[in-house]
Structures are given as C-alpha cells and as structure tokens.
2 protein chains.
Amino acid sequence: MNDQDRRSMPLFSIGIVMKLTELTARQIRYYEENELITPERTSGNQRLFSFNDVDKLLEIKDLLDKGLNLAGIKLLLKGEVIVEEKVEQKSDISDKELRKILKHELSEAGRLGRTSLRQGELSRFFRS
Amino acid sequence: MNDQDRRSMPLFSIGIVMKLTELTARQIRYYEENELITPERTSGNQRLFSFNDVDKLLEIKDLLDKGLNLAGIKLLLKGEVIVEEKVEQKSDISDKELRKILKHELSEAGRLGRTSLRQGELSRFFRS
DNA sequence: ATTATATGTCAGGAATCCTAACATTGTTTT
DNA sequence: AAAACAATGTTAGGATTCCTGACATATAAT
C-alpha cells in the first residue's frame, strides 16, 4: 500500500471532518453536491472522508475566503486551470469566466486566527 | 501541534477501527474495559479513537496471536515490563505471573495473510 | 428587481453506536 | 471432573449521529 492509497482511504465520518475543518455539515454536503469532493460511502450510505478529501476541504475554505466561487474552485482543484496564461483551444469555459476565476488570486495571504487545522497542515500528519 | 498531538487526536469511530484492525466491536470494547486502551468520547458518549489507539489495537492483536493474555499485554503496553530479566523489588505482580507473561514471547513471527493493516504499518501513514 | 450563490434550519427516517445481560468455548484451578 | 476464568459471540432497547429534501435567508451578480 503506497502513500496515495493511504491518503485516499475512507476514514473519517462527517462529524470528525466538521471538527477538523470547522465547516458545517451543510457546507460539506453542498461542496459534494457541486462535485468538489466525492467522499466514499459506507454500506449504509454514510459519508466516509479520506485525508485527500479533508485536504481539499481545507483548500476550498481557503479559496472561498479569498473570494473565489465554487465554480472557480472546482476548476482549480481539477487542475484544468493554471494560474498563468493558458488560453486558446476552445475550452468549454468562456474567457469571461476564466478572468473571473483568476481575478482574485494571489491577494492577501490568509492570516485569520483559526483554531483547528490550517490548509497544508494535514499533510504534515506523521512527518515524524 | 506536534506529532504526538497528532497521533493522539481522536479521529476514528469504532466502525472504522473495526475495518482497520479487523477486530469486532466486542473485542475493542472489551480491551477498553480492561484498560488496554482509553479512547476519547464524543459529547454523546461515542468512542473516538486516535492513531495511537489503533496502533495499540494492532499490537494487542499481534500479541494475542502469539499467546499472551490481556493482563500480560497490558503490562507490556504500559512499559512496566521489559523483555529481559527484571525481577525483585516486590512488585505487585507475582513471579508466577511474570513467568507466564514471558513464557511465550519471541516465538514464531507473525506470518498470516492479513488483508487490512499489519502491526507497525499504521505508523507509516504519510511517510511520503 | 430578479436571479443565483452559499448557507441556515427543520423534519422524518435510517444507520451507527451505546450498555447490559446472557451464551459459548477453551483454558486454568481446585 | 467440576468449577472458575478468560475471551468473544449474540441479542435487545435506547441514544446518537447521519441521511435527504424542503424551505428560509442573506449577499452578490445580472
């Protein structure tokens, strides 16, 4: 079992993810509705989140704070948009949408007093 | 937050721990009853296990396979017994118990086809 | 002003977990 | 051998957590 496998193992219930990310259940489910994350389910249909999922949620939170909307975050998470030039090739997103997405990037660095996990912190789990 | 903090964060429900360790809920609760582990609880009294707890459970499973009993495993986990000589000093455990505990140690190495986690494997989580 | 986005809140039901009690099997102890 | 003990299974009733769906609300975009 390699690291990628470990990172994508379904481990956490939604209650724990709420604490780890300080998001509400409503928010987490809404992000799934919009396909920003796709957590596994138990045989009884309850969500089980992986480390990767939690990481994504922390990033989503971060980007929302910076003013992006879900559509933009979705594209960023999918890696279909680089924060450089990248245009042409009749992609299915309009120029306007692209500009909208990139408009806010790289503004103020996040410096809010958060008590739980900060983006990027989860990946330091167990770097003993 | 250091690694020890991370390792002792209450994260996993009993259902997930069952899958990770391939122990039954009955077994896990029984080990807690005997104070081999002391998982946290949610505000609603449901158990939440840490990485350390899961590690301990995997070790318990291992040692049970090797013939130790819970009393002996408890002492080993508490680190009050070294697998060497160590006697005298009117400890509150009898010589007989001590011999019983050490009797089986270091027998055959575990080589059973397990599908989930093996003892020691959990600590390799995220050693990218 | 209207629509869209993101989130809150509530309700009814389903899944998971809790403790306690009793059963079972194998191993010591008497 | 009988009784006691250790470890685990099983069952039951109740509590907690999670599910989806619907409606409300506040802010932002058109």
Side-chain angles (χ1 to χ4, degrees), chain A residues 10-49 53 56-57 59-75 77 94 96-101 103-104, chain B residues 10-49 53 57 59-75 77 93-94 96-101 103-104:
Chain A
L11 293 174
F12 307 116
S13 68
I14 198 170
I16 294 156
V17 175
M18 289 173 62
K19 288 176 198 157
L20 287 175
T21 62
E22 286 183 331
L23 295 166
T24 65
R26 183 69 174 87
Q27 288 175 300
I28 295 168
R29 296 189 186 115
Y30 184 63
Y31 302 154
E32 181 188 21
E33 222 175 282
N34 285 266
E35 300 176 287
L36 302 191
I37 53 172
T38 54
E40 300 280 315
R41 300 284 182 132
T42 67
S43 56
N45 198 38
Q46 307 206 172
R47 272 166 268 253
L48 278 186
F49 300 81
D53 291 326
K56 274 191 190 174
L57 286 172
E59 189 164 0
I60 290 167
K61 201 184 172 193
D62 231 44
L63 294 172
L64 281 173
D65 281 349
K66 292 181 183 172
L68 289 247
N69 65 7
L70 289 197
I73 294 170
K74 182 172 180 178
L75 291 176
L77 287 180
S94 72
K96 203 173 73 175
E97 281 172 322
L98 239 177
R99 261 178 281 113
K100 197 191 307 175
I101 289 163
K103 188 164 49 177
H104 286 283
Chain B
L11 293 175
F12 308 116
S13 68
I14 199 171
I16 294 155
V17 175
M18 288 172 63
K19 287 177 198 157
L20 287 175
T21 62
E22 287 184 330
L23 295 165
T24 65
R26 183 68 173 90
Q27 287 175 301
I28 295 168
R29 295 190 186 117
Y30 185 64
Y31 302 154
E32 182 188 19
E33 221 176 283
N34 285 265
E35 300 176 288
L36 301 192
I37 53 172
T38 54
E40 300 280 313
R41 300 285 182 128
T42 68
S43 56
N45 198 36
Q46 306 204 175
R47 270 164 268 251
L48 278 186
F49 300 81
D53 291 326
L57 287 171
E59 188 164 1
I60 290 167
K61 202 182 169 192
D62 231 44
L63 293 172
L64 280 174
D65 281 349
K66 291 181 182 170
L68 290 243
N69 65 6
L70 289 197
I73 294 171
K74 183 172 180 177
L75 291 176
L77 288 181
I93 50 168
S94 72
K96 203 173 75 178
E97 281 173 322
L98 240 176
R99 260 178 282 114
K100 198 191 305 177
I101 289 164
K103 188 163 50 179
H104 287 282

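Values below: all heavy atoms of this structure, side chains included; hydrogens, waters and symmetry mates excluded. Bear in mind the structure is a predicted one, so any value in this text is a computation, not a measurement. Letters go in sequence order (proteins before strands), and every chain restarts at 1.
With sequence neighbours left out, Glu40(B) forms a salt bridge (Lys or Arg N to Asp or Glu O under 4.0 Å) with no residue at all. With sequence neighbours left out, the salt bridge (Lys or Arg N to Asp or Glu O under 4.0 Å) criterion links Arg47(B) to Glu32(B). For the side chain to side chain donor-acceptor pair (under 3.5 Å) test, no residue two or more places apart in sequence or in another chain qualifies with Thr42(B). Looking at residues two or more places apart in sequence or on another chain, you find a salt bridge (Lys or Arg N to Asp or Glu O under 4.0 Å) between Lys74(B) and Glu35(B). Applying the side chain to side chain donor-acceptor pair (under 3.5 Å) criterion to Asn34(B), with sequence neighbours excluded, gives no partner residue.
What separates CD of Glu32(B) from P of dT8(D) is a distance of 15 Å, to the nearest Å. At whole-Å resolution of the value, CZ in Arg29(B) and C1' in dC18(C) are 6 Å apart. Nucleotide dT17(D) holds its P atom 9 Å from the CG atom of Leu48(B), rounded to whole Å. In this structure, CD of Glu33(B) is placed 14 Å from P of dG9(D), rounded to the nearest angstrom. Atom C1' of nucleotide dT17(D) and atom NZ of Lys19(A) are separated by 11 Å, given to the nearest angstrom. The CD1 atom of Ile28(A) sits 9 Å away from the P atom of dC19(D) (whole-angstrom rounding). In this structure, CZ of Phe12(A) is placed 18 Å from P of dT17(D), rounded to the nearest angstrom. One atom, CD1 of Ile16(A), and another, C1' of dC18(D), lie 12 Å apart when rounded to the nearest Å.
Arg47(B) comes within 4.0 angstrom of the backbone, heavy atoms only, and of no base.
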For nucleotides 3-16 of chain C, give me one character per nucleotide, 5' to 3': B if any protein heavy atom sits under 4.0 Å from the base, S if the only such contacts are to the sugar-phosphate, - if neither. --SBBBB-----SS
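Note that the CG atom of Asp53(A) and the CD1 atom of Ile28(A) stand 10.0 Å from one another [nearest 0.5 Å].
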